[in-house]
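In what follows, a structure is listed as structure tokens, so that the remarks can point back to it.
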Number of protein chains: 2
Amino acid sequence: MDYIKKAPITGCLKNIINILWTFSAASDRVGVGCFVNSCGKCAACKAGQEQFCEKGTVIVFDSKDYDGTVTQGGYSQAIVVKDHFVLHIPDELSLANAAPLLCAGITTYNPLKQYNIGKDSRVAIIGLGGLGHIAVQFAAKMGADVTVFGHSESKREEAAKFGATGYEILKDTEDFQPLAGQFDFILNTVAVDLDLNNYMPLLKFNGVFCYVGIPSDEIHLNLFSIFGNQANLTASNVGGIAMTQEMLNFAAKNDVKPQIEMIGIDDVPTAYQNILDSKVHYRYVIDMSTLK
Amino acid sequence: MDYIKKAPITGCLKNIINILWTFSAASDRVGVGCFVNSCGKCAACKAGQEQFCEKGTVIVFDSKDYDGTVTQGGYSQAIVVKDHFVLHIPDELSLANAAPLLCAGITTYNPLKQYNIGKDSRVAIIGLGGLGHIAVQFAAKMGADVTVFGHSESKREEAAKFGATGYEILKDTEDFQPLAGQFDFILNTVAVDLDLNNYMPLLKFNGVFCYVGIPSDEIHLNLFSIFGNQANLTASNVGGIAMTQEMLNFAAKNDVKPQIEMIGIDDVPTAYQNILDSKVHYRYVIDMSTLK
């Protein structure tokens, strides 16, 4: 079977343009993530990194497929997807919980795996939002010692609930100094302007600062701030299909659950305003059966 | 023997404040590099990364040693150095050639080794000066395919002489586009303001851009320029003692030679002006026997 066509059951409202689905077929429970086609032949595709396909990955919405059609995203009652890009949803995961994992989950799981986070790692997660609350769970379940860098006291308890052992509010340069040289990996989930010259010295020798929240403006860095620890700066863009399946299996086995609120299609305008107002905890999932 | 005291034979004039030595003892030919003490007990020292000593590495000049004395550098007739920080100069290397290797050599060799450059690597070196002309030789002798990014035609032939198979003059954004996604590693040896948004897309998936020439101003980067190849940005600061010895042995075995001009101590003012005027090819070495 090359193609699967099923009615979507749930969708994850990440922002105004991004929606992901899970489906319930007669026998298999399956989902579709961020992309729906790639050439399958280039070095990236062969390495299981379809997101870097040299011919151009076909994104699930507003992207031109190789036959010229424009992908329509998932605010719909049905979708046709090449089987390679359809993920199996393990029985332990509800379809509603699986939906955000197909974007926020793989976005955070992929860099944690790529940089070998495990029981000997000390990890910091910047931001405890839609991405951050899943990143904390993944890193903790991988065995890492996890600290959340937040901007107010309001999320300290929630950070602990998700598995963080530390919580730091970092504002002034003096707040950073006691943490110098302590972290193997810092994952930044917030797309705001950070003073990297404060954050980079928190890394151990050869540590990595990885953006998954990408600010639209240029970042600034004085390289002398990494001259003492030879730290690395990078950014990560979701993950390949095999890694996405691995992530779903890991989430199922280790009880990693996005915290969601299920809404009907008519609730989208209100939910979107709540996202703009930072009132979402932590992901909205749309019940697609409400789309008539 | 804890300490070695010998009259220096040659010194490498890197810039106005940095001088390195080689010595000729009765039996051993030895050299002293960028640092002369570290705690020996911290994780960095134990890992052979004395340059990141947590107690603070003692630099060869103008640095406070643990006993409170200030290091004097090597414009002198004698130096006292703890034996751990004294390097063996292999017979195949002249003392004059060994002197620049103890700074420019280890500065370029260390990142090439750290990022596993070898026969399957495609490497670009930005700049063909004191650091660059040694970096090209090391990378080529490690088996990499080496391209030099220069700013004029004048160094094309010299780049090839040092082992580069490619030479590119990159000015406008259009100059960069044909090279997109081609390099595993880019070593930047020039401390000037580069448009990283042009350079980072030249890297392959997970490629590394490493600064060894550190600009005093902040660097700027639009993270979307690395979102397609998940490239890494880092900086490297010389290398540890064991790596420095390995570098000298590698240079001896593979005939890596800094291109030098030997001068007397009275020539230093002229030589320094030539450095400011970019007229040095590629390193001055001072014959310390001329210091009376």
Side-chain angles (χ1 to χ4, degrees), chain A residues 42-54 56-57 107 110-111 114-115 180-182 188 191 193-197 200-201 203-240, chain B residues 42-54 56-57 107 110-111 114-115 180-182 188 191 193-197 200-201 203-240:
Chain A
C42 70
C45 284
K46 285 183 178 170
Q49 303 278 2
E50 296 92 345
Q51 73 274 32
F52 299 118
C53 172
E54 292 169 16
T57 310
T107 297
N110 187 65
Q114 187 181 340
Y115 292 99
Q182 296 200 12
N188 176 24
D193 185 26
L194 293 173
D195 187 346
L196 282 173
N197 300 317
M200 295 303 286
L203 290 163
K204 295 182 187 174
F205 174 66
N206 250 339
V208 174
F209 186 105
C210 180
Y211 278 85
V212 288
I214 307 292
S216 53
D217 290 338
E218 290 193 322
I219 59 160
H220 303 256
L221 175 66
N222 185 322
L223 288 173
F224 287 100
S225 73
I226 62 170
F227 211 52
N229 59 2
Q230 220 162 292
N232 298 272
L233 181 72
T234 191
S236 178
N237 172 4
V238 298
Chain B
C42 70
C45 285
K46 285 183 178 169
Q49 302 276 3
E50 297 91 344
Q51 73 275 29
F52 299 117
C53 172
E54 292 169 17
T57 311
T107 297
N110 188 65
Q114 187 182 340
Y115 293 99
Q182 295 201 11
N188 177 25
D193 186 26
L194 293 174
D195 187 346
L196 282 172
N197 299 318
M200 297 302 286
L203 290 162
K204 296 179 188 176
F205 174 65
N206 249 338
V208 175
F209 186 104
C210 180
Y211 277 85
V212 288
I214 307 292
S216 52
D217 291 337
E218 289 192 324
I219 59 161
H220 303 255
L221 176 65
N222 185 321
L223 289 172
F224 287 100
S225 73
I226 61 170
F227 211 54
N229 60 2
Q230 220 161 294
N232 297 272
L233 181 72
T234 190
S236 178
N237 171 6
V238 297

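Looking only at distances, a side-chain donor or acceptor of B:Asn229 sits under 3.5 Å from a matching main-chain atom of B:Met200. Side chain of A:Glu50 to main chain of A:Gly240: no donor-acceptor pair is present (N/O by atom type, distance under 3.5 Å, no hydrogens or angles).
In this structure, chain A has heavy atoms under 4.5 Å from both the backbone and the side chain of B:Phe227. Only the backbone of A:Ala231 comes within less than 4.5 Å of a heavy atom in chain B; its side chain stays farther off. With a threshold of 4.5 angstrom between heavy atoms, A:Asn197 approaches chain B through side-chain atoms but not through N, CA, C or O. Using a 4.5 Å cut-off between heavy atoms, B:Pro111 does not touch chain A at all. Looking at B:Glu54, there are no atoms closer than 4.5 Å to chain A (heavy atoms on both sides), in backbone or side chain.
For B:Ile219 against B:Tyr211, the heavy-atom pair with the smallest separation is CG2-OH, 3.5 Å. Nearest heavy-atom pair across B:Gly181 and B:Lys204 is O-CG, 3.2 Å. The heavy-atom pair separating A:Ser236 from A:Asn110 by the smallest distance is OG-ND2, 3.5 Å. Here the closest heavy-atom approach between residue B:Ala191 and residue B:Ile214 is recorded as CB-O, 3.6 Å.
Contacts with chain A were tallied for B:Asn222, B:Leu221, B:Asn232, B:Ile226; B:Leu221 has the most, counting heavy-atom pairs under 4.5 Å. When A:Gln49, A:Gln114, A:Glu218 are compared by the number of non-hydrogen pairs under 4.5 Å with chain B, A:Glu218 comes out ahead.
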